[in-house]
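So that the names make sense, note that chain A is the first sequence line, chain B the second, and so on, each numbered from 1.
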Amino acid sequence: MPTIDPTAFSAALLAWYDIHHRDLPWRISPRQRAAGARPDPYRVWLSEIMLQQTTVAAVKAYYTKFLARWPSVSDLAAAPEGAVLAEWAGLGYYARARNLHACAKAVEAEYGGRFPETAATLKALPGIGDYTSAAIATIAFDEPAAVVDGNIERVVTRLHAIETPLPRAKPLIKAEIAALTPKERPGDFAQAMMDLGATICTPTRPACAICPVRPFCTATRTAEAERYPVKAKKAAVPERRGAAFVARRPDGAVFLRKRPGTGMLGGMSEPPTTNWSARADGALGASAAPFPSDWRRVGEIEHGFTHFRLTLEVWSAAVGDELAIEGWWSKPQDIAAEALPTVMRKVLKAAEIGSSEAERPSAVPQRRGRRLHGAE
DNA sequence: TAGTCGTGGTA
DNA sequence: TTACCAAGACT
């Protein structure tokens, strides 16, 4: 593996970044940074948590909403967890939201509302791991920590044509980044590497012809950049099946309950569902309902999760006000603000319950697939 | 260490 | 349609 001169590499990368950096809501410009400004650690942290395994495009609207509602870490710490989960609904990986709130409370309680300034101390906080601790310390506090995310893994494996598959190659990549990260402008260096990965050194069809660090890159010489990073094969995703039960009151309210605080969709809201069986065959039927009623099957929905695909039968019933199980009634105008994950909004939609103004049903409800499934 | 944990966009 | 993936953390 040929050695890269860190000084020359940084100079080329940062010169490119000064011109071609992305303008993002949680950033300050290289020009402001050069003038001595530093970004608000709260904003850096908030954005980094949201960006975990999530695209910039998806994050922007959530980031703006969170910042408007909770302008500081103290504001966020004072919020009820349910409000944070409801605001997070739709962004996925809900443990992030629970840890976000726990972290805000820890920063408030242990550090008086000011984020600690080193990667090592940041990493001890909930939801902040290897990558995020290094990113915050480097971007907000100028610590030259080794920042390694998916973009940077891709860039480095191409620079050195690393054949070792991920995640085994991770220690090697981190060592190389530690060697390349400059003492001056480490925050810009990290963000420049990520911007390079996001805009030039892309997973498919990388733009090697206009890459500022092409002279340092091994993979591009053999026109094989796209082959890296080598990754271990993934197992096929299994199928699971379950049923969801949408109870409706005469005034249109829907019965919801809260899922257990940990695990899949932990702490989020849902219409009552069965457990999601590993069995993908057979129908469950109204006998699986949380309480007896005149359940009618109104359709089914499919949803892909990271490690399995789920099919949910959707059952609906018109019921009275009193149910013997724990939960609450949510009126039509309140549903949009509930902490409903996307899969559960699909369920409500299948039961012809508008989950937002945008989905307000027309006078004649559109029924998709409804005719196919009569009552039992 | 390998499995768990969402979602929407894209080839 | 399917498969993969996007600024990972936690157990």
Side-chain angles (χ1 to χ4, degrees), chain A residues 22 24-27 43-63 85 88-100 102-103 122-140 145-155 165-168 170-171 173-174 177 187 189-199 201-205 226 229 231-240 259-268 270 276 301-310 339-346:
Chain A
R22 290 178 293 175
L24 299 171
W26 43 86
R27 279 187 177 175
R43 300 184 184 206
V44 175
W45 164 73
L46 179 60
S47 67
E48 291 298 345
I49 301 299
M50 288 184 168
L51 286 162
Q52 291 168 4
Q53 298 292 287
T54 308
T55 58
V56 166
V59 163
K60 280 182 178 173
Y62 283 85
Y63 173 82
L85 288 178
W88 195 280
L91 199 54
Y93 282 143
Y94 298 100
R96 291 186 298 171
R98 302 194 299 271
N99 286 330
L100 182 84
C103 183
L122 285 161
K123 195 178 170 184
L125 291 165
I128 299 182
D130 232 28
Y131 160 76
T132 306
S133 59
I136 297 171
T138 304
I139 295 169
V147 178
V148 180
D149 76 326
N151 285 305
I152 295 174
E153 286 176 352
R154 187 169 58 254
V155 172
L166 287 172
R168 205 148 46 107
K170 185 113 182 193
I173 295 166
K174 184 154 186 173
I177 286 298
F189 178 85
Q191 294 176 98
M193 285 291 281
M194 291 191 274
D195 281 16
L196 187 72
T199 64
C201 197
T202 49
T204 60
R205 299 173 54 83
E226 203 165 333
K231 294 191 176 180
K233 261 186 276 192
K234 288 168 192 161
V237 296
E239 303 274 342
R240 293 192 193 176
R259 292 178 60 84
T262 59
M264 193 80 187
L265 309 177
M268 301 295 286
E270 65 171 9
W276 306 339
I301 61 101
E302 292 194 353
H303 192 76
F305 291 103
T306 306
H307 52 296
F308 63 92
R309 166 165 288 275
L310 178 67
L340 287 162
T342 297
V343 62
M344 297 306 166
R345 293 197 186 272
K346 282 189 187 175

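Residue-level contact check: A/Thr306 touches the bases, meaning some heavy atom is under 4.0 Å from a base atom. Note on A/Ile152: nothing from the nucleic acid sits closer than 4.0 angstrom, heavy atoms only. When heavy atoms are screened at a 4.0 angstrom cut-off, A/Leu24 is found touching base atoms of the nucleic acid. Within the 4.0 angstrom heavy-atom criterion, only backbone atoms of the sugar-phosphate kind lie near A/Val343; the bases stay farther away. Using a 4.0 Å heavy-atom distance criterion, A/Gly197 is classed as making no nucleic acid contact. Using a 4.0 Å heavy-atom criterion, one finds that A/Trp88 contacts no nucleic acid atom at all.
One can place CZ of A/Arg96 at 12 Å from P of C/dC10, the figure rounded to the nearest angstrom. The distance from atom CG of A/Asp130 to atom P of C/dA9 is 7 Å, rounded to the nearest whole Å. The distance between atom CD1 of A/Ile128 and atom C1' of C/dA9, rounded to the nearest whole Å, is 11 Å. Taking atom NZ of A/Lys170 as the reference point, atom C1' of C/dG8 lies 7 Å away to the nearest angstrom.
Not a single donor-acceptor pair under 3.5 Å links the side chain of A/Arg154 to the backbone N or O of A/Pro229.
Looking at which nucleotide of DNA chain C each of A/Gln191 and A/Leu125 is closest to, the 5′-most match is held by A/Gln191. Nearest-nucleotide positions on DNA chain C for A/Gly127 and A/Arg22 put A/Arg22 closer to the 5' end. The nearest heavy atom of DNA chain B to A/Pro341 and to A/Pro167 marks one nucleotide each, and the one closer to the 5' end goes with A/Pro167.
Listed by chain and residue number, A/Trp26 satisfy the ring pair (Phe, Tyr, Trp, His ring centres under 6.0 Å) test with A/Tyr63 (two or more places apart in sequence, or in another chain). Checked against salt bridge (charged side-chain N to carboxylate O under 4.0 Å, His left out), A/Lys231 has no partners two or more places apart in sequence or in another chain. Taking A/Thr55 as the reference, A/Ala57, A/Ala58 meet the side chain to side chain contact (heavy atoms under 4.5 Å, CB included) condition, with sequence neighbours excluded. A/Thr306 is linked by a side chain to side chain contact (heavy atoms under 4.5 Å, CB included) to A/Tyr93, counting only residues two or more places apart in sequence or in another chain. Every residue was checked against the side chain to side chain donor-acceptor pair (under 3.5 Å) condition with A/Arg98, not counting sequence neighbours, and none meets it. Annotation: side chain to side chain contact (heavy atoms under 4.5 Å, CB included) contacts of A/Pro167 (sequence neighbours excluded): none. Take A/Gln52 and apply the side chain to side chain contact (heavy atoms under 4.5 Å, CB included) test, not counting sequence neighbours, and it matches A/Ile49, A/Arg96, A/Thr132.
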Give each protein N/O atom lying under 3.5 Å from an N/O atom of nucleotides 1-6 of chain C, with the pair distance.
| unit_1 | atom_1 | unit_2 | atom_2 | d |
| --- | --- | --- | --- | --- |
| C/dC5 | OP2 | A/Lys234 | NZ | 2.9 |

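Across the P atoms, C/dT11 and B/dG6 are found 14 Å apart, a figure rounded to whole Å. Between C/dA6 and B/dC5, the two C1' atoms lie 15 Å apart (nearest whole Å).
Boundaries of the chain A contact region on DNA chain B are B/dT4 to B/dG8, first to last in 5' to 3' order (nucleotide atom under 4.0 Å from a heavy atom).
At a threshold of 4.0 Å, the pair A/Arg309-A/Glu302 counts as salt-bridged, since one of the basic side-chain nitrogens sits closer than that to a carboxylate oxygen. Taking 4.0 Å as the cut-off between side-chain N and carboxylate O, A/Asp130 and A/Lys170 do not count as a salt-bridged pair.
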